[in-house]
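One structure below.
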Amino acid sequence: MIISIPFESINAVPSSTLLVVSSFTVTADTNGSPSKFILSVCIDSEKAGIKAVEIPVYVPSHPSFESVAHFRMQTNFQKGDPFCALECENLKIFKNTDTNEFFGTADSFTVPDNFEKWEDII
């Protein structure tokens with residue numbers, strides 16, 4: 001059974017809105033057009049009760065693909081940052097109780113402009 005859970009209950013940082021992303025992938029549809037982002041989001045494995053330290057969060061490519069947030073995140077990783085902080089619109093986290101696996105969905109993402117307020121917790 002798949003249940004919804006509050007993100008802050010497994011988040012790697014003490015926040016209900018800030019995600020710490022270690023990598024991302026953009027998938028394509030059969031025509032080669034971008035279809036979705038898969039964000040690797042850091043979690044607290046002890047809180048989640050699993051060995052994994054990341055879960056996938058799926059975000060449709062529109063409106064995020066080639067957006068300012070997409071390029072900012074990409075630039076952060078290209079310059080060598082191991083993580084990028086993101087905030088997601090309509091973030092939902094789910095747990096499959098049969099497999100004890102977690103995943104999430106969101107409508108879009110942004111890179112916070114006011115990052116200074118998050119630096120202490122990352």
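- Ile5 places a side-chain heavy atom less than 4.5 Å from the side chain of Ile10.
- At a cut-off of 3.5 Å, with distance as the only test, no side-chain donor of Ser22 or Ser40 sits close to an acceptor on the other residue.
- Residues meeting the salt bridge (Lys or Arg N to Asp or Glu O under 4.0 Å) test with Asp81, sequence neighbours left out: Lys79.
- Side-chain contact between Leu19 and Glu87: absent, with no pair of heavy atoms (C-beta onward) separated by less than 4.5 Å.
- The backbone N or O of Thr17 lies less than 3.5 Å from a partner atom in the side chain of Ser15, making a donor-acceptor pair.
- Put simply, the side chain of Phe77 reaches to within 4.5 Å of the side chain of Val21, judged on heavy atoms.
- Between Lys95 and Asn100 the shortest side-chain heavy-atom distance falls below 4.5 Å.
- The side-chain heavy atoms of Phe103 and Ile55, taken from C-beta on, include no pair separated by under 4.5 Å.
- Residues Thr110 and Ala69 come closest through the heavy atom pair CA-CB, 3.7 Å.
- Two residues are said to be in side-chain contact when any heavy atoms from C-beta on lie closer than 4.5 Å; Leu39 and Pro56 fail this criterion.
- A side-chain donor-acceptor contact under 3.5 Å links Thr75 to the backbone of Phe71.
- Note on Ile3: it clusters hydrophobically with Phe7, by side-chain heavy-atom contacts below 4.5 Å among ILVMFWY residues.
- Of the possible polar contacts, none joining the Asn11 side chain to the Pro14 backbone as a donor-acceptor pair under 3.5 Å is found.
- Between Ser108 and Glu89 the shortest side-chain heavy-atom distance falls below 4.5 Å.
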Show, in sequence, the C-alpha distance, side-chain angles and deciding distance for Phe37 and Phe109, and conclude whether the ring-ring contact (aromatic ring centres under 6.0 Å, His included) test is met. CA-CA 10 Å; Phe37 283 87; Phe109 61 85; 5.0 Å; yes

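- Residues Asn96 and Asp98 approach most closely at OD1-N, 2.9 Å, considering heavy atoms.
- With a 4.5 Å cut-off on side-chain heavy atoms, Thr105 and Val57 do not count as touching.
- For the residue pair Val111 and Arg72, the shortest heavy atom distance occurs at O-NH1, 3.2 Å.
- Contact detail for Ala106 and Cys88: the closest heavy-atom pair is CB-CB, 3.7 Å.
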Take Phe102 and Ile50 through the side chain to side chain contact (heavy atoms under 4.5 Å, CB included) test and state the conclusion after the steps. CA-CA 9 Å; Phe102 295 81; Ile50 61 174; 3.7 Å; yes

